[in-house]
**Q** 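So that we are looking at the same thing, I have put the structure below in C-alpha cells.
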Amino acid sequence: MKDKLIKRAITILNENFQEGGFTIPCKGLYPFQWKWDSGFIAIGQAYFDVDMAQKEIATLLDAQWDNGFIPHIVFHNESDTYFPGADVHQSKLSPLASKKYKSTGMTQPPVTGFVLAEMYRIAEDKNAMLNYIQTQIDKVFDNHHYFYTNRDVNDEGLVFIYHNWESGTDNSPIWDDIWKTMNPPEYTFERRDTTHVDASQRPSKREYDHYLYIIEIAKANQYNDAKIAELSPFLVLDPLFNAMLIRSNEALINLYELIGGNTGKIATLKKWQEKSIKGFNDKLWDEELGAYIHYDLRSQKPIRFVTSSSFSPLYAKIPSKERAEKLVQTMMDKFGGEDKYLCASFDPTSDRFDPKKYWRGPVWINMNWILYHGLKNYGYTQNAERVKNDSIELLEKHDFFEYFDCRKGTENAGYGGGNFSWSAALLIDLLNN
Ligand code: 2M8
C-alpha cells in the first residue's frame, strides 16, 4: 500500500512540475507558483529528486522584491484558467517589485525557513544541501526582516496580514465579521475557479467582491505597507501566519549555526524570536476557549473562534506545557469525535461550520502535517498518530484531493482540485516519518 501511494504521489508531482523550475498546485485551478504550496511541495520532492526541490525554492526566492517581500503568486507564465491574474494584481505598481517576474502584491505564511531545515533533514548528502542552503538562506532572513520592519505595527513581535488570501485559509468563517464592516462595489468579472470545481465548494461571488476591493485599495497605494496598515479594512494578526514565522525563525537560527560565522544574524533572529513568542502568548491566547485565536487589529478585538490554525502554535513550540495540554484537550473535545477525521479546518460544533466549503470545515493535508509535527513536539504521540493515519486514510480512500470532508462515511469526500501537489508531497513525508 505504502509503495503504491508513494509512486502515485511522485507521478503527480512530476506531472505538476513546470519547465520554469516550479510546481503548480493543481492543473487548471491553480496554474502558477504559490508561495506556501511551493514550500510544502519541496519537502516531498526532497525525497525523490533533490535537484527539483532545490529549484522549486530557488525559483520562488528569485521573485523576491527589493524590500525582502516574497509574493504569494508568481506568474511565470500566461494562463487564462485562473482569476484574478497578473493583470488584476499589477505588481509593477510597487517601485520595489521584482523587475523579472509579475506577481501578486500580497504574501502567504512564511514557511520557507523551516522548509530549508526539512530539506536538510531529508537530504542524504548533508554537505551538498548545506552548500545549497547557503546560497538561499539570506533571502529568507531578508524576508523575515521585511515582516518585522513593515508589518509589526504595534512593535509587539506579531505581524499583520491585510488580505484573507495572505492567511492561506481563504474563506474561513473567521473573516465573516470583517466582511460585514465593508460594502464593496459589485465588480464585473469572470470567475474561473468554478469552471474547475463545484461552486458549492468555493467562495461566493459576493465574497470575491470583498477580496478584490482590498486589492484595489492596496494597488491605489502602490502596495505600500504603511499605507495598507492605515487604510485596509482587513488587518489581522493570524495565529497560523505568526506561528509559521516563529517556526521559521527557529529553523534559520539552527541553519545559520550549522553554516557558522553569522553571529549578527543569529542574534537578530533570537531577539525576534523571544519577542514574538511573548507577544503571541500575551495577545492570541483565549483562556475561556482554551485555544489561540485571531485578533482584528482594525476593530482592536479578538476574533473568538477555534480553527485548525488555533493548534498550529504547537508546531512552533509557542505554548507552555500547561497551555499545550489545554489546547490538545480543546482539539479533541471539539474536533476529535470518533465519527470525524482529524482535523477539520473550522470548529465542527459552530453554526458557521460547513463540511464541504473550502476553508470553512474540510480537512487539509498541509494543516494536518503541521499538527502532526506539533503534537509530536509535546509528546502527544497517540494524537499525532491519529492525525497522520486519518490523513493517509483520506488520501487512500478518496485520492489526492485538495481538501476532504471530515465526516466519516461520507461518499466522494474529496473536494476541490484533484492531483493536488501538497497533498502528494506531504503524504510522502508522512509515510517516511
Ligand atoms: C487557495 O487560494 C487561492 C488564492 O491564493 C485561490 O483560492 O484562488 C488556498 O487554499 C491557498 O492556501 C493555496 O495556497 C492556493 C493554492 O493551492 O489555493
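Order of listing sets the numbers, starting from 1, for every ligand and every atom in it.
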**Q** Taking only heavy atoms of Gln108, which atoms of ligand 1 are found under 4.0 Å from at least one of them?
**A** 11 (C), 12 (O), 13 (C), 14 (O)

**Q** Side chain, backbone, both or neither: which part of Lys35 comes within less than 4.0 Å of ligand 1 when only heavy atoms are counted?
**A** neither

**Q** Any idea which atoms of ligand 1 are less than 4.0 Å away from a heavy-atom of Trp359?
**A** 9 (C), 10 (O)

**Q** Would you check if there is a donor-acceptor pair between the side chains of Tyr358 and Ser345 at a distance under 3.5 Å?
**A** no

**Q** Within ligand 1, which atoms have a heavy atom of Gly168 less than 4.0 Å away?
**A** 9 (C), 10 (O), 11 (C), 12 (O)

**Q** Could you list the atoms of ligand 1 found under 4.0 angstrom from a heavy atom of Arg202?
**A** 6 (C), 7 (O), 8 (O)

**Q** Are Arg202 and Tyr208 close enough that a side-chain donor and a side-chain acceptor fall under 3.5 Å?
**A** yes

**Q** Taking N or O atoms only and a 3.5 Å limit, does Asp37 qualify as a polar contact for ligand 1?
**A** yes

**Q** Side-chain donor-acceptor pair under 3.5 Å between Asn249 and His144, yes or no?
**A** yes

**Q** Indicate whether any N or O donor in one side chain lies under 3.5 Å from an N or O acceptor in the other, for Asn389 and Glu393.
**A** no

**Q** Between Tyr341 and Arg407, do the side chains contain an N or O donor and an N or O acceptor separated by less than 3.5 Å?
**A** no

**Q** Side chains of Thr23 and Gln45: donor-acceptor distance under 3.5 Å anywhere?
**A** yes

**Q** Examine Tyr82 against ligand 1 and note whether any of their N/O atoms are separated by less than 3.5 Å.
**A** yes

**Q** With heavy atoms under 4.0 Å as the rule, classify the contact between Met367 and ligand 1 as side chain, backbone, both or neither.
**A** neither

**Q** Are side-chain N/O atoms of Tyr295 and Asp286 paired as donor and acceptor at under 3.5 Å?
**A** no

**Q** Against heavy atoms of Trp36, which atoms of ligand 1 measure under 4.0 Å?
**A** 11 (C), 12 (O), 13 (C), 14 (O)

**Q** Of all the non-hydrogen atoms in the protein, which one sits nearest to atom 2 (O) of ligand 1, and at what distance?
**A** Asp170 OD2, 2.6 Å

**Q** Are any of the N/O atoms in Glu402 less than 3.5 Å from those in ligand 1?
**A** no

**Q** I want to confirm something. Looking only at heavy atoms, which of Tyr358, Phe83, Tyr403, Phe32 is nearest to atom 1 (C) of ligand 1?
**A** Tyr358

**Q** Determine, considering heavy atoms only, which of Trp422, Phe40, Tyr30, Trp165 sits nearest to atom 18 (O) of ligand 1.
**A** Tyr30

**Q** Heavy-atom contacts with Trp364 under 4.0 Å: which atoms of ligand 1 show up? List them by number with element.
**A** 10 (O)

**Q** Are Phe280 and Trp285 close enough that some pair of their side-chain heavy atoms sits under 4.5 Å apart?
**A** no

**Q** Taking the side chain as every heavy atom from C-beta outward, state whether Leu240 and Ile370 have any pair of such atoms under 4.5 Å apart.
**A** yes

